[in-house]
Amino acid sequence: MVDDSGWADLVISGVSKSFRDPKGAEVKALAEVSLNIPSGEFVVLLGPSGCGKTTLLRSIAGFEKIDAGYINLGGTRIDLLPPHKRPVNTVFQSYALFPHMTVAENISFGLENEKIEKREIKSRVAEVLELVEMRALSERKPSQMSGGQQQRAALARALAKKPKVLLLDEPLAALDLKLRKTMQIELKRIHRATGTTFLFVTHDQNEAMALGDRIAVFNSGQLVQVGTPFEIYTAPTTEFVANFIGESTVLTGSIDSRTFTGEGVKIQQIPNQIADGSAKKIIIRPEAFSLFSGKNSVGQLRIKEIIFAGDALEVLLASSTGHEVRVKSDVSILAQLSVGNEVELFVDAAQIGQIN
Amino acid sequence: MRQRAWSVSNLPIIRPMGVSSLIFLYLPLLTVLIFAFNKSEDATTWGGFSTRWFSTILDNTDLIRSAKVSLSIAIPCALIAAMIAAGLAIGMGRATGSVQNVLRALVNAPLVLPEIVTSVGTLAFFSQVGIPLRYGSLLFAHVVMCVPFAFLPIRSRLRDFDENIFEAARDLGASSFRVMTKISIPLLIPALLSSGLLSFIISMDDFLTSLFVSGPETTTLPIYIFGLLKLGASPEVNVIAALLLIIPTLGLLVGITWTATRRRSNEARHQ
Amino acid sequence: MRIPVRSKREPGIYGPNAVSFPAYVTGFFLVGMPLVVITIFSFLSRGDFGSGVIRKFTLEAYRTVFFETDLMGNSSFNFTYLHIIGRSVLLAFTVTLICLIVGIPTAIWIALQKKSTQRVLIALVTIPFWVNVLARTYAWMLLLSEGGLFDKLGSPVLLYTSWATFIGLTYAFLPFMVLPIYASAEKLDRSILEAAFDLGASGWRVLIRIVIPMIRFGIFAGIAIVFIPALGAYVQPALLGGNKVMLIGSLINDQFGESRNWPVGSALAVLLLAMTGLILLSTRRRKLEFAS
């Protein structure tokens, strides 16, 4: 495949897809999803299971036919093409290596499908094996390798095709935590080395934060927010995003002359970008709060629960109306806290965000 | 193995019933096996050990001829049925068209319909269309009977594989034809062997369909033997029945041992 | 922008769709057409010279099965054929019942052994199934005949009686009953049985209230695949029953052979087909009830 970067942008426009559940009812897996992905970007599709992220990936690969909308790649419409004619390749969650072929045979299978010279195939196989550091295992069959090794082989197989977009469907889900961390770093290295667009599906928000240049958050078939990990974390636009990515306290109330009142708490010095009004929802990350000391006091709140997490303390407070407030704190204050007591809560008002 | 809080014997009657079933299943077979070595002229009375009756069946030209007819049908039948069944399993994929469902139900019908119905139906159909009852018509009657059986191991093996494997092949640029030749068929080879074996045994054993659809020159082994059995027990039939018992059993044992060794070596490799 | 849905057909995942064509062709011509032809034959008239049919529509074949006309031209029920059908149903029912009583405990027993023992026992149940039905039937001729083992042990000579047919059919179809029940019993979660015992249930209660309901689909499948072939059996009634007692299988056979009345034979085959359909529907409907 020719590398025509710049023209290899992936454009997903108004894509919808419905399934029938076993009872015959229609389930919308994708509802008018639009997303532009510039060439070379690492985009993570994030959401809970059944949110449509995998359906979108499979629609780009060609395993699902979309009901409406279109998918363009490098200026060409691809959603009408059968999967084997699309210049994209997939790394499957189950690896899907051919069990009767060695690693090298698995990789050359894809290249033999394009009329590529034998010598060229050999050198490309060697190249990708080098890239994923699997040279020594090229003659192994899938059953003779560990999960992590199979993962690298599957990656090499897809990359050998030099796809315009590499689709990764929860490829690290089956690995244990330590190996997953290693593979995340590997993936970033490989992404930089190849310059290919990576479209990565996961339900793990930490993985999404670690990997993505941008994250696209999905919920029940809809694309709810797209942005860099920093934007998504600091400025979630909906309550769903706020709760799915990291933890947060969402408060509903009214804002009048820079003071928020609601859910039994009063917060002053609300940032100017949040307009006055009633029935406003504000969101505050746990680390924006502090206990005992700070500039902007919220008042005395009762301690509901204290969770020791090793490097930090999670403290759950209850406002006078019983609304839960999550606070992340330094472990040093552990001795001063006990469940049922009241403690003074402070907030860094600059970190307060607004959701719709 | 971990000690369990209860054992099989906690459930009533299952052990005595299970053991009785096995006795019930094997008593007749053992009797046939033993009486094949009976010296006596009287088929049902034990008169000492002898293999004399085994040699007599070799001189029975009708028996040999009908056995050849059966083999000449069962061998091509096994090949054709396994191929057609593999084609069905590969080609149908996950398709769920209503026309296809009807056709697939027809293909599988011999599995559930009483054979007397399908066999008289086939006879009536052949006579109506004017197809003479010769080798070819009998062969194809056997093939349709075997296809649904041959289909079972192939289908279940395909289902055993992760569907993503086949999607991955498409994803890597293989046409559906190449998926079949490079992925599906190589993975199906063990299943194709069992399909062939299954079809061979079914064809060799078939009596009713052959009874209706065979012509004078296609008297199969079961038809010939049925004729003998109608006359009652005889030392010669003892031997024939014993052979009908031993040959497929040995074949099956070889097959079972082979798959068991394969499984064991696979399991060993996975560790 | 919206575009219409394309063809709903899934592309072949394992290979081209076209390779299933030969199966569909043989299924259509060699299974579907014969069923259509006998259905048509059952509404045609008997051929002049015995064999075959002549193309004249009539309900004569069905009338022959159900009614008889005396010399005065009065019609009344013809119990000869109805008796044969009723007897066949009764025999198939009894065979199925005995296979159930023996097969259910056997299948559960096998399923509760350890894996390697299970494989051996299932092989043992399967082997008789692969031995030629004539050889298996002959084994019982040997055991039940005059001078045979059972005779020598003092049992009455059962060969060429309905008892012999009954034993032969039960013998032939017991593996058919055990295998599907085993297939569902094998998936039983042992911890559920442990829980039942733990809660103080007796063995019988566990068997009847826990195990049997959990393997009911295997039991339904077993009922269908024993009852149907037992209903249309030909070999065992002919060899063990000595064709003394007419059953529907031998009756159809006769109509296409000695008696040479293809329309009546076809009508009987259609009736057998209808009964088969009823059994399949009734054993399958249970599954749907559960699903909903």
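In what follows, every chain begins at residue 1, and chains take the letters A, B, ... in the order their sequences are listed.
- Applying the side chain to side chain donor-acceptor pair (under 3.5 Å) criterion to B:S21, with sequence neighbours excluded, gives C:T106.
- Residues that satisfy the ring-ring contact (aromatic ring centres under 6.0 Å, His included) test with B:F166, not counting sequence neighbours, are C:Y14.
- Annotation: A:K17, atom NZ; neighbour count of heavy atoms from other residues, nucleotides and ligands within 6.0 Å is above 12.
- Residues A:P82 and B:R170 come closest through the heavy atom pair CB-NH2, 4.0 Å.
- More than 12 heavy atoms of other residues, nucleotides or ligands lie within 6.0 Å of OH in B:Y26, so this atom counts as buried by the packing criterion.
- Two residues are said to be in side-chain contact when any heavy atoms from C-beta on lie closer than 4.5 Å; B:R178 and A:E112 meet this criterion.
- When the ring-ring contact (aromatic ring centres under 6.0 Å, His included) test is applied to A:H203, no partner is found at least two apart in sequence or on another chain.
- Taken to the nearest 0.5 Å, the CG atom of B:D171 stands 7.0 Å off from the CG atom of A:L167.
- By a heavy-atom distance cut of under 4.5 Å, A:A96, A:L97, A:F98, A:P99, A:H100, A:M101 are the residues of residues 95-105 of chain A near chain B, going up by number.
- The two residues A:H84 and B:A174 come nearest to each other via the heavy atoms CB-O, 3.2 Å.
- Contact of B:D162 with chain A is made through the side chain alone, with heavy-atom distances under 4.5 Å.
- We find that A:R58 and B:E167 are joined by a salt bridge, their nearest charged nitrogen and carboxylate oxygen being less than 4.0 Å apart.
- Proximity to chain B is limited to the side chain of A:F92, based on heavy atoms less than 4.5 angstrom apart.
- Between chain B and the residues A:Q93, A:M145, A:R157, the largest count of heavy-atom pairs under 4.5 Å involves A:R157.
- Within a 6.0 Å sphere centred on CZ of B:R134, other residues, nucleotides and ligands contribute 12 heavy atoms or fewer.
- Taking both residues in full, the closest heavy atoms of B:N164 and A:S94 are given as ND2-OG, 3.0 Å, listed atom of the first, atom of the second, then distance.
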